[in-house]
Amino acid sequence: MFDPANMTVRLVSLTPGEPRVQTIINKLPVVIGRNPHADVQLDDCWVSRVHCEISEISGILLVRDLDSKNGTVVNGQYIKEAHLLPGDRLTIGLTSFQVQYKRQRNKLLAGVW
């Protein structure tokens, strides 16, 4: 389960010629899309109403495309589902973000990493 006290997730916009805007995610999973009921709303005609979902598993983010019309892209590759690591580029429609977060180690797995 996502604990915002242990992980801060930011999506930093990478739109050329515009100031970088940070979207802070304080709950996971989060649905991104044009729908007014989406957790993160994007005003981009290339974004589906319900485009993708970001969740967290063992301190690592996971993005899953929700059968969007134009796809979800991580580091230049179209994905159905992929890990999102700090510094990755997430593109949804014409909107790109740099993913920023600090991975939190699971105490049970601390000796494994």
Side-chain angles (χ1 to χ4, degrees):
M1 172 171 265
F2 178 70
D3 182 359
N6 290 329
M7 181 186 282
T8 300
V9 179
R10 290 183 180 86
L11 300 178
V12 180
S13 65
L14 298 174
T15 306
E18 292 186 20
R20 290 190 172 197
V21 176
Q22 290 188 30
T23 300
I24 297 174
I25 296 174
N26 55 19
K27 75 172 192 85
L28 290 174
V30 63
V31 173
I32 300 173
R34 283 188 301 115
N35 188 316
H37 300 291
D39 300 306
V40 176
Q41 297 173 29
L42 297 179
D43 185 20
D44 177 338
C45 65
W46 291 84
V47 173
S48 296
R49 292 181 191 278
V50 179
H51 198 99
C52 65
E53 178 183 70
I54 298 175
S55 58
E56 177 266 339
I57 298 174
S58 299
I60 298 175
L61 295 184
L62 182 73
V63 62
R64 183 171 52 98
D65 185 82
L66 299 175
D67 296 322
S68 66
K69 183 177 179 181
N70 294 303
T72 301
V73 179
V74 175
N75 297 327
Q77 299 292 316
Y78 282 91
I79 59 94
K80 281 295 185 188
E81 184 173 283
H83 287 115
L84 281 177
L85 300 176
D88 280 351
R89 182 183 188 110
L90 172 65
T91 303
I92 303 164
L94 298 176
T95 306
S96 290
F97 301 96
Q98 181 184 53
V99 178
Q100 297 180 350
Y101 70 99
K102 290 186 179 177
R103 291 172 53 184
Q104 297 298 315
R105 291 175 154 193
N106 182 325
K107 289 181 183 177
L108 297 174
L109 299 175
V112 176
W113 289 39

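- Remark: side-chain polar atoms of Arg34 are paired, donor with acceptor, to backbone N or O of Val47 under 3.5 angstrom.
- No single ILVMFWY cluster, assembled from side-chain heavy atoms under 4.5 Å apart, contains both Trp46 and Phe97.
- Tyr101 and Leu85 make their closest contact through OH-CA, 3.8 Å (heavy atoms, listed as atom of the first residue, atom of the second, distance).
- Side chain of Gln98 to main chain of Val12: no donor-acceptor pair is present (N/O by atom type, distance under 3.5 Å, no hydrogens or angles).
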In sequence, state the C-alpha distance, the side-chain angles, and the governing distance for Gln100 and Val9, and then conclude on side chain to side chain contact (heavy atoms under 4.5 Å, CB included). CA-CA 6 Å; Gln100 297 180 350; Val9 179; over 6 Å; no
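- With a 6.0 Å radius and a threshold of 12 heavy atoms from other residues, nucleotides or ligands, Arg49 has its CZ atom at or below the threshold.
- Cluster membership for Ile92 and Val31, using ILVMFWY side-chain heavy atoms within less than 4.5 angstrom, is not shared.
- Here the closest non-hydrogen pair linking Asp88 and His83 is OD2-O, 3.9 Å.
- Hydrophobic clustering places Val40 together with Val74 (ILVMFWY residues linked when any side-chain heavy atoms are closer than 4.5 Å, directly or through intermediates).
- Note on Leu11: it does not cluster hydrophobically with Val50, by side-chain heavy-atom contacts below 4.5 Å among ILVMFWY residues.
- Evaluated for a side chain to side chain contact (heavy atoms under 4.5 Å, CB included) with Cys52, the options Ile32, Val30, Val73 yield exactly one hit, Ile32.
- Ile25 and Leu62 fall into different hydrophobic clusters, defined by Ile, Leu, Val, Met, Phe, Trp and Tyr side-chain heavy atoms under 4.5 Å apart, directly or through other members.
- In this structure, Gln41 and Pro36 approach most closely via the heavy-atom pair NE2-O, 2.6 Å.
- Leu90 is listed as a side-chain neighbour of Ile54, based on a closest heavy-atom distance under 4.5 Å.
- With rounding to the nearest 0.5 Å, the separation of CD in Glu56 from CG in Leu61 is 7.0 Å.
- Shown here for Ser13 and Pro19, the closest heavy-atom pair between the two residues is OG-O, 3.8 Å.
- Of the possible polar contacts, one joining the Asp44 side chain to the Thr95 backbone as a donor-acceptor pair under 3.5 Å is found.
- Note that CG of Asn75 and CZ of Arg89 are 9.0 Å apart. Values are rounded to the nearest 0.5 Å.
- His51 places a side-chain N or O within 3.5 Å of a backbone atom of Gly71 that can act as its donor or acceptor partner.
- Side-chain atoms of Asp65 come within 3.5 Å of backbone atoms of Thr72 as a donor-acceptor pair (strictly under, hydrogens ignored).
- Considering every non-hydrogen atom in both Tyr78 and Asn70, the closest pair reads CE2-O, 3.3 Å.
- Closest approach of Ser55 and Leu28 over heavy atoms only: C-CD1, 4.3 Å.
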